[in-house]
Amino acid sequence: MPILVMKFGGTSVATLDRIRRAAKRVGREVANGYDVIVIVSAMSGETNKLVGFVEETSHLYDAREYDAVVSSGENVTAGLMALTLQEMDVPARSWQGWQVPLITTSAHASARIEEIPTDNINAKFGEGMKVAVVAGFQGISPEGRITTLGRGGSDTTAVAFAAAFGAERCDIYTDVDGVYTTDPRICDKARKLDRIAFEEMLELASLGAKVLQTRSVELAMKYKVRLRVLSSFEEQSDEAGTLVCDEEDVMEANAVAGVAYSKDEAKVTLVSVADRPGVSAAIFGPLAEAGVNVDMIVQNISE
Ligand code: ADP
Ligand code: ASP
Ligand code: MG
């Protein structure tokens, strides 16, 4: 069977009623002949609540325990989605990250995906399971600890599954009906884009447009995943939403695709940095290893 990946974000699974609505969409794709991998986020607000609990309990918290706590929101929605599908007579089973297993690096709270073996889930598809519901945002480190992929990480889980399983498409269902020229909740003149190139989406995401996690766009570009962003609240035609695709496939490309903003940047200035080869690597190498994302680098004449 061809495989489809469908990801539902927090607002799309915020109540049991919305989970049922999402499950109906999944049921329709199963009826269309797909084996479906559903990636779910935690119910809207849950992850923030869990992060708050961790910070209140321990100011300089152990990141391994942070991951143990904040990953739990997705476990709830994965089980509930599988149950809802079963109630609709769709054979479904839930999977936590470690059960797949979705193997990541050990960079807790901002882990990167290393590998997604497909055998376990494919074996279940072979036995007649039609939907694998996978908890987004979480994985397991080589040391056997639960990890998370950074805020918004379920998008990345979805694209990574689409790449690993050779899915026909990866549909990201969210609370807006596509990618806009800027955040439609901030600017009512924002226009929906029918298509946007991977490179443009990557820039928008990395500069703050949280509609897709940056890493998910990187992965989609690398593995040529057909990535679509669409609303889980409206009825959708096949052409709905925004297709994130190769530059050649964007007709009527604009000189400027959009505007993004970000409210949580930290600016760090290093002074008296020696002007010799190897110094940049000495600064940025350890940052990359620690999973610290450097957005914008401005280099002045050394003092
Ligand atoms: P989900 O919970 O489904 O993952 P998110 O809240 O992470 O949803 O992302 C969707 C939100 O991204 C929208 O509600 C919107 O406010 C915001 N957003 C920011 N920039 C854009 C943009 N250019 N186009 C669409 N949405 C955007
Ligand atoms: N629940 C996680 C978050 O709020 C992951 C996600 O929704 O993508 O960041
Ligand atoms: Mg999100």
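The shown structure was predicted, so the numbers you read here are calculated from the model rather than taken from an experiment. Whatever order the structure lists them in is the order used to number ligands and atoms, beginning at 1.
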Close N or O approach ([X], ligand 1; < 3.5 Å):
X	value
Y180	yes
D155	no
V179	no
T181	no

Does CZ belonging to F284 count more than 12 external heavy atoms closer than 6.0 Å?
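Yes, enclosed.
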
Please check if the number of heavy atoms outside M1 that lie under 6.0 Å from its CE is greater than 12.
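12 or below, so no.
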
Run the numbers for me: atoms of ligand 1, each under 4.0 Å from some heavy atom of P184, listed by number.
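Under 4.0 Å from P184, ligand 1 has these atoms: 24 (N), 25 (C), 26 (N), 27 (C).
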
For T174, atoms of ligand 1 separated by under 4.0 Å from a heavy atom
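Taking each heavy atom of T174 in turn, ligand 1 has 1 (P), 3 (O), 8 (O), 10 (C) under 4.0 Å.
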
Contacts of type salt bridge (charged side-chain N to carboxylate O under 4.0 Å, His left out), residue E127, not counting sequence neighbours
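Result, salt bridge (charged side-chain N to carboxylate O under 4.0 Å, His left out) vs E127: K124.
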
Residue selection (non-hydrogen contact nearest [atom]) among [options]:
atom	options	answer
atom 4 (O) of ligand 1	M43, K210, K7	K7
atom 14 (O) of ligand 1	R185, Q213, M201, R151	R185
atom 20 (N) of ligand 1	T47, D183, L204	D183

Just heavy atoms, cut-off under 4.0 Å: does T182 contact ligand 1 by side chain, backbone, both, or neither?
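T182 to ligand 1: backbone contact only, side chain stays beyond 4.0 Å.
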
Among all protein non-hydrogen atoms, which one is nearest to atom 4 (O) of ligand 2, and what is the separation to 0.1 Å?
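It is R151 NH2, 2.9 Å.
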
Looking at ligand 2, does any of its N/O atoms fall within less than 3.5 Å of an N/O of G152?
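It does: an N or O of G152 is found under 3.5 Å from an N or O of ligand 2.
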
Geometry only, no angles: is K7 polar-contacting ligand 2 at N/O separations under 3.5 Å?
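Between K7 and ligand 2, no N or O pair is found under 3.5 Å apart.
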
Which residue is it: V36, I39, I37? I am looking for the one with a side-chain contact (heavy atoms from CB on, under 4.5 Å) to M6.
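Exactly one candidate clears the test, V36.
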
Heavy-atom contacts under 4.0 Å between E74 and ligand 2: side chain, backbone, both, or neither?
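For E74, the contact with ligand 2 is made by the side chain alone.
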
Before giving the answer on side chain to side chain contact (heavy atoms under 4.5 Å, CB included), spell out for T104 and R112 the whole-Å C-alpha distance, their side-chain angles and the decisive distance to 0.1 Å.
CA-CA 5 Å; T104 71; R112 289 166 82 91; over 6 Å; no

G178 heavy atom under 4.0 Å from ligand 1:
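Yes.
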
Can you tell me if V176 contacts ligand 1 (heavy atom of the residue under 4.0 Å from the ligand)?
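Yes, V176 has a heavy atom closer than 4.0 Å to ligand 1.
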
Need the ligand 2 atom indices (1-based, order shown) with element for anything under 4.0 Å from a heavy-atom of S41.
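It comes down to these atoms of ligand 2: 6 (C), 7 (O), 8 (O).
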
Evaluation steps, side-chain hydrogen bond (donor to acceptor under 3.5 Å, both in side chains), between Y66 and E55:
CA-CA 9 Å; Y66 167 96; E55 288 174 345; over 6 Å; no

What are the two closest heavy atoms between [X] and [Y], and how far apart are they?
X	Y	value
F53	T57	O-OG1, 2.6 Å
Y173	S231	CD2-O, 3.6 Å
Y34	K130	O-CE, 4.2 Å

G136 to ligand 2, any heavy atom closer than 4.0 Å:
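Flag not set, G136 not near ligand 2.
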
Below 4.0 Å from any atom of ligand 2, is there a heavy atom belonging to G153?
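Per 4.0 Å heavy-atom rule, G153 contacts ligand 2.
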
Would T148 and Q138 count as a side-chain hydrogen bond (donor to acceptor under 3.5 Å, both in side chains) here? Give the steps.
CA-CA 4 Å; T148 63; Q138 52 170 263; over 6 Å; no

Pairs of donor and acceptor atoms involving the side chains of residues 42-49, under 3.5 Å and at least two apart or interchain, shall be tabulated with distances.
from : atom 1 : to   : atom 2 : distance (Å)
E46  : OE2    : K49  : NZ     : 3.4
N48  : OD1    : R151 : NH1    : 3.1
N48  : OD1    : R151 : NH2    : 3.0

Working to the nearest 0.5 angstrom, can you tell me the gap between L85 CG and L80 CG?
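With rounding to 0.5 Å, CG (L85) is 11.0 Å from CG (L80).
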
